[in-house]
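As the structure is a prediction and not an experimental result, all values here were calculated from the model. Chain A is the first sequence line, chain B the second, and so forth, proteins listed ahead of strands; every chain is numbered from 1.
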Amino acid sequence: MKLADYDSQRIEAKWQKVWDEQGAFHAEDGDASRPKYYLLEMLPYPSGTLHMGHMRNYTIGDAVARYKWMCGYNVLHPMGWDAFGLPAENAAIKNGTHPRDWTKANIQEFRRVLKRFGFSYDWRREISTCEPEYYKWNQWFFLRMIEKGIAYRKKSKVNWCPDCLTVLANEQVIDGFCWRHETTQVEQKELEQWFLRITQYSDELLEDMAQLASGWPERVLVMQRNWIGKSQGTRVRFDVAGISGASLEVFTTRVDTIYGASAIVVAAGHPQLDKLLEGVPGRTTMASQLKAMRQKSMRAADIATAEKEGFFTGRFAVNPFSGEQVPIWVANFVLAEYGTGAVMCVPAHDQRDYEFADKYGLPVKIVVQPAQGVPLRADRMSEAYTEHGRLADSGPYSGLTTEQALAKMTADAAAKKFGTGETTYRLKDWGVSRQRYWGTPIPVIYCEKDGMVPVPDDQLPVRLPEQLAIATAGQSPLASVPEFVNTKCPKCGGPARRETDTMDTFVDSSWYFYRYTDPHNFKAPYDQTKAGYWFPIDQYVGGITHAILHLLYSRFFCKVMRDLGLVKHDEPIARLFTQGMVQKGGVAMSKSRGNVVGAIDMADKYGCDTGRLYTLFAAPPEKDLEWSEQAIEGSSRFLNRAYRLVEKHAERVRSIPIEWNALTDLAKATAKEKILIRRTHQTLKRVTNDFEVRWHFNTSIALIMELVNELHAQEPLDQEVSPTILKRVLAVMVLMLSPMTPHIAEEMWEMLGNSGTISRQKWPAYREDLTREEQIEIIIQINGRLRGKILVDENLTEDETRDRALNDPRIAPLLVGKEIVKVIVVPKKLVNIVLR
RNA sequence: GCGGAAGUGGCGGAAUCGGCAGACGCGCCAGCCUUAGGAGCUGGUGGCCGAAAGGCCGUAGGGGUUCGAGUCCCUUCUUCCGCACCA
């Protein structure tokens with residue numbers, strides 16, 4: 001039974017009510033009197049229960065937001081709900097509840113938990129993406145994108161998840177499996193779909209990363225760069241021998257190696273394959289081989305390690321540079337979707353080609369020699385030479401460097417009209433059609449007479465029908481709601497049908513942070529002046545899991561908005577922080593694993609301040625954190641210890657006005673006071689630094705713990721410590737804690753006799769002169785090994801320091817009979833005596 | 001295979017610019033207080049030798065630079081993450 005614990009439940013409820021009544025965290029639009037700071041945590045998908053993994057994310061954001069408030073910033077710190085999505089619909093099917101009811105109940109619960117933790121959100125700005133007031137603007141943006149040619153419709157092969165019963169974006173396919181169903185293989189289906197032309201911005205998305213280099217984690221940028229996958233090369237046309245007019249195009253980044261090509265290899269899914277195989281002997285065997293190849297696992301990890309397999313088609317192609325005829329093969333290692341779906345096989349200078357040639361006995365012809373060293377010989381090669389070098393056996397290009405040849409051969413190919421320089425990207429347009437109910441209806445109408453007609457702005461929003469519709473195989477749920485589907489053509493007034501697909505929910509989250517700047521605007525997605533004031537987001541905090549999807553789409557949306565004249569900046573997020581996961585038993589907390597620590601349970605047992613403190617203390621925020629039920633006791637203990645300290649001395653200092661700026665005259669201070677004053681300023685200096693540049697709250701907390709320990713060590717504090725000094729020290733201690741554990745800090749602030757909430761107090765400034773010790777400890781080393789320590793005056797000269805060290809009674813005997821080679825003196829730090 | 005991050009006591013972690021390795025906390029040990037302790041307080045706690053003073057070893061392994069390396073360089077290993085037959 002714990003007896004001495006402070007009453008966290010009462011205190012937390014008390015101060016949450018005060019903040020709420022005061023509107024303590026209301027952001028003021030357009031306030032020019034102070035700097036603005038837009039701090040955002042990724043909006044949650046309201047499903048399941050909030051656990052300490054979520055709370056860590058919000059606690060980090062909240063500590064920074066509160067710190068910025070105290071530093072005088074106008075802080076925008078909002079919260080909302082990513083409320084559309086499949087789980088709501090699946091729960092609806094399972095339990096017979098409407099997705100709206102399910103979602104609303106979850107939102108209510110999430111809001112309750114976040115409020116229970118006392119996060120400093122401006123709740124007036126709360127948004128929910130499933131409300132018509134919000135998704136109306138999804139539709140509005142969609143219409144603008146149609147006008148700009150960014151949203152378009154095409155029939156294409158799409159990723160289809162048979163469990164989700166919907167199409168997935170490329171970004172939602174992981175190794176050929178559905179991102180939500182790890183064991184469900186994604187199928188390919190031909191469907192008429194809406195796409196957003198993100199590829200139009202490929203280069204810009206790539207180039208503008210330069211603006212993010214200082215504020216975003218390197219690895220997120222690397223992942224995005226790889227995802228965009230820009231590759232510069234040459235497209236070259238090979239004529240097919242014996243079929244007049246037939247040709248194959250290959251894409252290569254190493255056209256300089258083309259004289260070494262010993263085959264053309266096409267993907268099993270290459271569209272021209274059937275034509276090529278016409279009239280070739282052995283076609284039936286080939287057809288079955290092809291079929292087998294096409295059915296092979298699409299799992300990337302399998303593909304990468306799979307044995308290379310292929311067969312000769314019986315056809316030959318003509319190398320346009322050399323005129324040489326090379327065989328045309330089909331192989332499993334060529335991707336139909338990338339480049340042209342066909343490659344030239346250069347065994348000497350490409351590792352995959354080397355392995356393929358090795359297996360099937362294709363010739364290895366060296367056409368690039370290393371610039372230095374022993375020339376390569378085909379009969380002594382064990383792997384491909386893929387470095388740059390100097391061309392050999394390459395007709396007129398022999399002797400050129402790789403760089404020269406790439407430029408010249410590409411130019412020559414273009415001049416002779418059998419090739420062209422080309423840039424390819426891995427990034428594909430973003431397929432946004434979803435055959436599900438719980439999403440934003442795509443605002444388009446199909447009329448027999450007028451074809452596709454965008455819904456006019458004044459008819460927005462196109463509301464989801466209240467009647468729940470459930471997906472049947474291959475058909476959108478909305479198609480089964482006649483009241484929704486049947487409508488009039490906005491152009492001719494004749495009968496027409498609505499688009500029944502809904503939008504990918506990543507559309508919702510691609511621009512939601514703009515809506516926070518003007519959440520109740522009925523005329524526009526947001527007011528440009530308001531968004532202009534708040535943007536860009538100064539600090540975004542969220543999980544690394546969104547490194548590609550959400551963060552790339554958001555950047556894309558921003559650029560579209562800019563081109564629509566809605567914003568002036570290129571990038572929406574100036575700084576990104578990706579916090580580590582909270583794990584239990586070595587794996588991330590998740591409901592399905594059953595290893596969650598519920599946020600409410602935590603708050604009920606220890607109080608939310610203890611939960612907040614522990615998540616900040618147990619590890620630096622970017623690292624994964626292993627949850628420990630034992631270690632959390634330490635955080636609880638510390639808060640109690642600090643509370644008792646304040647409780648004990650509050651009476652004595654309560655009526656003393658806090659004069660933080662009053663001059664502290666160390667000369668008049670007692671020894672105890674000197675220690676406390678210096679320790680306070682040293683702590684404040686380092687904690688301030690941690691908040692400003694490092695975000696290592698774990699070390700901040702450790703320092704505050706040390707300060708509290710020091711206060712205990714200096715007991716009795718009612719002797720030799722004036723109430724004025726004690727009050728200042730305790731006040732600073734409480735102020736430093738307040739961004740991290742705000743409720744107990746408010747309570748202690750009040751106990752110390754202060755008025756007004758601590759949350760709006762000014763962050764105290766440390767005084768450099770008060771951080772300095774009178775005497776500095778100098779380390780004395782002999783040959784780099786610690787041999788002694790001396791205390792010296794701060795302003796001791798280098799020579800004096802050296803003499804003190806050499807004559808130190810502990811050191812001097814060790815020097816007898818040795819030759820002093822050198823003495824290194826690092827002022828205010830150490831002396832190293834080098835002996836022979 | 002390519003790219004990125006990391007590897008420090010029994011555990012989480014600290015060491016911010018190349019200068020005392022292990023701050024702070026957990027756990028553990030001893031003591032105080034107590035009818036009681038899952039409360040509080042005090043002290044101890046990297047390993048080895050030693051009664052102590054003190055000494056030696058120690059930041060995944062090996063090598064190097066330096067008066068001095070957890071920190072910089074080379075190299076090997078391990079773990080995690082991302083991408084993955086991208087031509």
### Query
Taking the side chain of A:Ile779 as heavy atoms from C-beta outward, which of B:rG12, B:rU16, B:rC20 is closest to it?
B:rC20
### Paired nucleotide for B:rC67 [Watson-Crick or G-U wobble; both distances under 3.5 Å]
B:rG19
### Message
Can you classify the ring geometry of A:His550 versus A:His546 as parallel (below 30°), tilted (30 to 60°) or perpendicular (above 60°)?
### Response
perpendicular
### Summary
Given the 90°-from-0 boundary between syn and anti, B:rC20 should be labelled anti
### Task
Measure from the side chain of A:Val834, starting at C-beta and using heavy atoms only, and say which of B:rC24, B:rG3, B:rC67 lies closest.
B:rC67
### Message
Check the orientation of A:Trp695 and A:Phe577. Use parallel for under 30°, tilted for 30 to 60°, and perpendicular for over 60°.
### Response
tilted
#### Entry: A:Lys789 side chain, from C-beta outward: closest of B:rA87, B:rC20, B:rG27
B:rC20
### Query
On RNA chain B, nearest-nucleotide positions of A:Ile824 versus A:Gly339: which is more 5'?
A:Ile824
### Task
Choose from B:rC83, B:rG54, B:rA87 the nucleotide whose nearest atom is closest to any side-chain atom of A:Arg426.
B:rC83
### Task
Could you work out which one of B:rA14, B:rA23, B:rC20 sits closest to the side chain of A:Asn698?
B:rA14
### Task
Give none if B:rG43 has no partner; otherwise give the nucleotide forming a Watson-Crick or G-U wobble pair with it, both distances under 3.5 Å.
B:rC29
### Task
Starting from the 5' end of RNA chain B, give me the residue, A:Thr699 or A:Glu706, whose nearest nucleotide shows up first.
A:Thr699
### For B:rG7, the Watson-Crick or wobble partner whose two distances fall under 3.5 Å
B:rC77
### Message
Taking the ring centre of each residue, are A:Phe691 and A:Phe697 less than 6.0 Å apart?
### Response
yes
